[in-house]
Amino acid sequence: MKITVVGAGAVGASCAEYIAIKDFASEVVLLDIKEGYAEGKAMDLMQTASLNGFDTKITGTTGDYSKTAGSDIAVITSGIPRKPGMTREELIGINAGIVKTVSSNLIEHSPNAIIIVVSNPMDTMTYLVHKTTNLPKNRIIGMGGALDSARFKYRLAEALGAPISDVDGMVIGGHSDKGMVPLTRLATRNSVPVSEFISEDRLEQVAADTKVGGATLTKLLGTSAWYAPGAAVSGLVQAIACDQKKIFPCSTLLEGEYGLNDLCIGTPVVLGRNGIEKIVEITLSDEEKAKLAESAEGVKKTNGLLEL
Ligand SMILES: NC(=O)C1=CN([C@@H]2O[C@H](COP(=O)(O)OP(=O)(O)OC[C@H]3O[C@@H](n4cnc5c(N)ncnc54)[C@H](O)[C@@H]3O)[C@@H](O)[C@H]2O)C=CC1
Ligand SMILES: O=C([O-])CC(=O)C(=O)O
């Protein structure tokens, strides 16, 4: 299993590290445009192999896509991250051009690859890859919901005073400060609805904190987060590589599902060796449906800024 990660920055390197530590891939290629950067990150990571006990071979290249040839999965993390006070949507001007070029180069050398889009604004970048490549929709996956759900579980565990392993929950909708839809109604502690343990007001606070999870970290760090994003991408990559058939919320092209069309937005999907093997349509309450529709409007507005 060969995996390419484009962008050897904070998220790309973290993602490569988690993939290697989980030890399910034979090869990870890091590619960046900054001279020597990907080679350096790859060498540094390889020097953790004997310490962390993995056999995945990590190599780096400065812009040479021939080194990525024959990749089974390719992750796009190239592009600029936001600074405190910015929205993800403000990154579109620079990142759209980068994502378009990178996806085209990737496909030229790895025509069968499954593409995972991470660069922000992620839902719109995922849509851009759909619009500018001829790949079938199961092979273009946007990563956002897996990360947002991990943050939701962190906040739920905090509110419940429970271990995170006891908590389950999912965030659907757009990967944006306003557009995320944390499904508090369906969140559970060891299969018991969380509303049995905490008040509606506290749950609303959990949802609000989840939605600004990325902005909160950006304010603290001066740039956006990388550990949880890298771990979330590695989870998606592993589900595909190991044909796990796990459900993750991912940004996917909708064609009527949830009453939505012609956009990529986060919904639960089954991930396996063919990428998105099924879009799972769960029954939403009227309130959740309205929130998802509003989120979709926001994503469409950002999509409208693309020069297609
Ligand atoms: N979807 C999600 O949940 C998340 C998305 N992100 C997004 O991921 C992106 C990367 O974030 P970081 O890794 O923190 O940024 P970073 O600045 O640390 O790394 C980005 C890397 O991309 C490289 N790059 C730029 N143009 C390139 C090109 N044309 N080809 C190859 N490499 C190129 C840069 O040289 C840099 O090393 C940002 O757009 C950020 O907003 C970050 C976290 C979570
Ligand atoms: O907040 C950001 O800009 C980066 C990101 O998407 C996240 O960490 O959720």
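Numbering of ligands and ligand atoms starts at 1, following listing order. Values below: all heavy atoms of this structure, side chains included; hydrogens, waters and symmetry mates excluded.
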Check your understanding: Does ligand 2 have a heavy atom under 4.0 Å from the side chain of N120, from its backbone, from both, or from neither?
Key ->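 The answer is the side chain.
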
Give the contacting part of K219 toward ligand 2: side chain, backbone, both or neither, where contact means a heavy-atom distance below 4.0 Å.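 Near ligand 2, K219 shows nothing, with every heavy atom at 4.0 Å or more.
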
Checklist line | Crowding at NZ, K246 (>12 non-hydrogen neighbours, <6.0 Å) | finding: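 Count not over threshold, so no.
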
(request) For atom NZ of K245, decide whether the heavy atoms of other residues, nucleotides or ligands shown that lie under 6.0 angstrom number more than 12. (result)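 Enclosed.
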
Below 4.0 angstrom from a heavy atom of [X], which ligand 1 atoms are there? Numbered from 1 as shown, please.
| X | value |
| --- | --- |
| Y37 | 37 (O) |
| L147 | 3 (O), 44 (C) |
| I98 | 26 (N), 27 (C), 28 (C), 29 (N) |
| I80 | 38 (C), 39 (O), 41 (O) |
| M122 | 1 (N) |
| A225 | 43 (C) |
| N120 | 4 (C), 5 (C), 6 (N), 7 (C), 39 (O), 40 (C), 41 (O) |
| L91 | 41 (O) |

**Q.** Among E90, H175, M86, K83, closest by any non-hydrogen atom to atom 6 (O) of ligand 2
**A.**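 It is H175 whose heavy atom sits nearest to atom 6 (O) of ligand 2.
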
Practice item. Give the single entry among G7, G79, S78, A13 that approaches atom 20 (C) of ligand 1 most closely by any heavy atom. Key: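 Of the listed residues, G79 has the closest heavy atom.
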
Among protein heavy atoms, which lies nearest [atom], and at what distance?
| atom | value |
| --- | --- |
| atom 4 (C) of ligand 2 | S224 CB, 3.4 Å |
| atom 17 (O) of ligand 1 | P81 CD, 3.6 Å |
| atom 42 (C) of ligand 1 | V11 CG2, 3.6 Å |
| atom 37 (O) of ligand 1 | D32 OD2, 2.7 Å |
| atom 10 (C) of ligand 1 | T77 O, 3.0 Å |

**Item:** E90 side chain to T87 backbone, donor-acceptor under 3.5 Å
**Value:**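 A pair under 3.5 Å: yes.
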
* **Under 3.5 Å donor-acceptor, N138 side chain and E277 backbone** =>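 Between the backbone of E277 and the side chain of N138 there is no qualifying donor-acceptor contact (under 3.5 Å).
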
Tell me the contacting part of W226 for ligand 1: side chain, backbone, both, or neither, using a 4.0 Å heavy-atom threshold, strictly below.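 No part of W226 is near ligand 1 at this cut-off.
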
Q. Would you call R185-E287 a salt bridge at under 4.0 Å N-O?
A.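 A salt bridge is absent here (no side-chain N lies under 4.0 Å from a carboxylate O).
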
| Hey, which atoms in ligand 2 end up nearer than 4.0 Å to a heavy atom of L147? |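 Under 4.0 Å from L147, ligand 2 has these atoms: 7 (C), 8 (O), 9 (O).
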
Closer than 4.0 Å to some heavy atom of R82 - which atoms of ligand 2 meet that?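 In order of numbering, the contacting atoms are 1 (O), 2 (C), 3 (O).
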
Exercise for the section: State the CD-NZ distance between E158 and K153, to the nearest 0.5 angstrom. Expected result: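 Rounded to the nearest 0.5 Å, the CD-NZ separation comes out at 16.0 Å.
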
Check whether any heavy atom of R151 sits under 4.0 Å from an atom of ligand 2.
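Flag set, R151 near ligand 2.
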
query: Short N/O distance, under 3.5 Å, between D148 and ligand 2?
result: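 The answer is no, given that D148 and ligand 2 share no N or O pair closer than 3.5 Å.
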
Q) Is there a heavy atom of V118 sitting under 4.0 angstrom from any atom of ligand 1? A)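 Yes, V118 has heavy atoms under 4.0 Å from ligand 1.
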
